[in-house]
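Step one of this worksheet: look at the structure below.
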Amino acid sequence: MRSLPSRDQVCQTLQNLANTGGIDQPVRLSGSHQLKTDIPKGNWMRRTVKPLTPQDTVSIHGRQKQEAVDLISRYSDKPLMTREITVSEITVGQALLLLQSPASDKEFIECVNSDQLKLETDIGKIIFNDYLEQKISNQSEHSVDPLGKVNRLIEEIPDSSEAARTLADQWLLSQKMKLLDNTPACEKVVQEALSTPDSSMGKTSFDDQEYFQHIRQVLPDYLQRVEMVANLPASELEILKKTMEEKGVPPSDPLYQTTLAHIASASGQNPDVAIKTTIESYQDYLTLIENEKQAVSQSLKEDRLELEKFEEEKATMSKEDIQESLWVGHTGVRIASNENRLTVLNEWSDLMQVELKRLNSESL
């Protein structure tokens, strides 16, 4: 009995079938473990003794198409079978995309336009959604707009590809809801930066570049998610509202109040109360940020003066005294950390003021 073909052999056979015009044909795994697109005829001996009936042909073809699906699934990193999905056949073009993802957005769009994905099928949807999800996973961890690349890709899908547009919109909506469901309260976002101890306490400090980049993005990311709410359907707004209430998000939270404002607008009510609550909340956070800016600036001023004094006195100090001045190194680290912290606070202050200006214009 012949063994199953290897992954490379499967890819090569599929490419050969595609090159000879079979890209849209369902693929089957023959009794000799070969991938084919024709109708099974049975072996020579069987055809001689007892020709296949139409029912036999249909039964064998269905089984062999399922075996081809199982073989492709064996080599693909995308799950083809779930409780909700049962796949019984796969085309040559779909199999190729499952084993070799499009190398670029341009190639992906070409596959969509040529209908190689067959978006009316479950496998087509799996391939389509998987490519979009790869765009997110390949993004920078500190990206402010996690769906930005996908948005730009979706805009390249022509209006004539209605099925792709619809599927993309559904996927985008589900991803937005995932992000919004997992968005921390603004209070927690702000306090994370305001209450972070320095490295002398054994905790991550702002002189750690990875942590610094993370912190400087958490508020922009939060505000980006608040903007996402504007384009949600009324049903999703209600779901988001319920989710935040179940999580115990403070009623004054800007994301919660923005959700209430859009629910009010969708039902023909006045959103002013929610907008004013959001303004008050942002003003409170801005006050906290400004107070922290003053405290950090004062700390920087004092530390820099201390180092200046040390530099002046160094000329009269012994080598041993200089070597024992360990505080100098700690002060330098604290200065670097506070400089980064002040950068974050200045950026956040600017962002809050832009948001307040926008909200005040909306409430007029």
Side-chain angles (χ1 to χ4, degrees), residues 2-41 52 54-103 107-137 150 157 161-175 178:
R2 292 183 62 176
S3 61
L4 289 172
S6 67
R7 190 182 192 283
D8 288 344
Q9 288 172 328
V10 168
C11 289
Q12 185 59 58
T13 302
L14 289 170
Q15 192 60 62
N16 291 340
L17 291 170
N19 293 341
T20 53
I23 193 165
D24 292 326
Q25 296 299 312
V27 66
R28 67 183 177 92
L29 186 65
S30 71
S32 56
H33 289 170
Q34 292 180 300
L35 290 172
K36 298 182 176 183
T37 56
D38 59 354
I39 303 296
K41 301 179 180 65
L52 291 175
Q55 292 82 1
D56 290 336
T57 300
V58 170
S59 175
I60 293 171
H61 196 196
R63 187 183 72 249
Q64 291 188 350
K65 285 192 291 185
Q66 182 64 63
E67 288 172 352
V69 170
D70 295 341
L71 177 65
I72 302 302
S73 181
R74 177 190 184 112
Y75 293 128
S76 172
D77 57 1
K78 305 169 186 64
L80 301 187
M81 304 292 185
T82 67
R83 289 182 181 179
E84 297 80 20
I85 298 174
T86 301
V87 178
S88 58
E89 72 173 41
I90 185 171
T91 67
V92 171
Q94 288 175 326
L96 278 169
L97 291 173
L98 281 169
L99 298 178
Q100 302 170 338
S101 292
E107 186 177 320
F108 175 73
I109 296 296
E110 287 173 355
C111 292
V112 170
N113 291 341
S114 66
D115 196 31
Q116 183 176 339
L117 279 73
K118 307 294 178 195
L119 289 175
E120 71 278 6
T121 67
D122 288 327
I123 287 187
K125 293 180 177 70
I126 289 171
I127 297 168
F128 187 89
N129 290 341
D130 181 78
Y131 187 81
L132 299 185
E133 284 162 14
Q134 284 182 37
K135 298 291 290 182
I136 293 180
S137 62
V150 181
I157 299 174
S161 299
E162 188 175 340
R165 279 281 187 176
T166 300
L167 190 58
D169 288 342
Q170 291 171 350
W171 180 88
L172 202 55
L173 179 58
S174 70
Q175 293 301 314
K178 282 181 186 178

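Under a cut-off of 6.0 angstrom, the local environment of CZ in R63 is crowded, with over 12 non-hydrogen atoms contributed by other residues, nucleotides or ligands. Atom CD of E162 sits in a sparse spot, with 12 or fewer heavy atoms from other residues, nucleotides or ligands closer than 6.0 Å.
Closest approach of Q134 to S101, counting heavy atoms only: NE2-OG, 3.4 Å. For the pair C11 and L96, the tightest heavy-atom approach, listed with the atom from each and the gap, is O-CD2, 4.0 Å. Nearest heavy atom pair, residue P26 against residue E89, reads CG-OE2, 3.7 Å. Closest approach of S161 and N113 over heavy atoms only: OG-OD1, 3.3 Å. The minimum heavy-atom distance linking R7 with Y75 is given by the pair NE-O, 3.3 Å. The shortest non-hydrogen separation linking L29 to E67 is O-OE1, 3.6 Å.
Taking OG1 of T13 as the reference point, atom CG of D8 lies at 10.5 Å (rounded to 0.5 Å). Atom CD of residue Q25 and atom CD1 of residue I23 lie 11.0 Å apart, to the nearest 0.5 angstrom. The line from CZ of R165 to CD1 of I157 is 6.0 Å long, rounded to the nearest 0.5 Å. In this structure, OG in S76 is found 11.0 Å from CG in L71, a value given to the nearest 0.5 Å. Between the CG atom in N129 and the CG atom in L119 there is a gap of 9.0 Å [rounded to 0.5 Å]. Rounding to the nearest 0.5 Å gives a distance of 7.0 Å between CD of Q94 and CG of L117.
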TODO: For the pair D70 and Q66, evaluate side-chain hydrogen bond (donor to acceptor under 3.5 Å, both in side chains) and give the outcome as yes or no after the intermediate values.
DONE: CA-CA 6 Å; D70 295 341; Q66 182 64 63; 3.2 Å; yes

- [ ] Carefully, step by step, assess I90 and L98 under the rule side chain to side chain contact (heavy atoms under 4.5 Å, CB included).
- [x] CA-CA 10 Å; I90 185 171; L98 281 169; 3.3 Å; yes

- [ ] Determine, stepwise, if the pair T37 / T20 fulfils side chain to side chain contact (heavy atoms under 4.5 Å, CB included).
- [x] CA-CA 11 Å; T37 56; T20 53; over 6 Å; no

- [ ] Test side chain to side chain contact (heavy atoms under 4.5 Å, CB included) on L132 and Q175 and set out the steps.
- [x] CA-CA 10 Å; L132 299 185; Q175 293 301 314; over 6 Å; no

TODO: For I123 and I127, run side chain to side chain contact (heavy atoms under 4.5 Å, CB included): C-alpha distance rounded to whole Å, both residues' side-chain angles, the deciding distance at 0.1 Å, then the answer.
DONE: CA-CA 6 Å; I123 287 187; I127 297 168; 3.8 Å; yes

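Judged purely by atom type and a 3.5 angstrom limit, Q116 uses its side chain to pair as donor or acceptor with the backbone of G93. The backbone N or O of V69 sits nowhere less than 3.5 Å from a side-chain atom of S73 that would complete a donor-acceptor pair.
Using cut-offs of 30° and 60° for the angle between ring planes, the Y131 and F108 rings count as parallel.
Annotation: side chain of H33 is in contact with side chain of P5 (closest heavy-atom distance under 4.5 Å).
With sequence neighbours left out, D130 forms a salt bridge (Lys or Arg N to Asp or Glu O under 4.0 Å) with K78. In this structure, the salt bridge (Lys or Arg N to Asp or Glu O under 4.0 Å) partners of D38, at least two apart in sequence or on a different chain, are R28, K41.
Residue pairs satisfying the salt bridge (charged side-chain N to carboxylate O under 4.0 Å, His left out) criterion with at least one member in residues 14-27, sequence neighbours excluded, are listed as follows: D24-K118.
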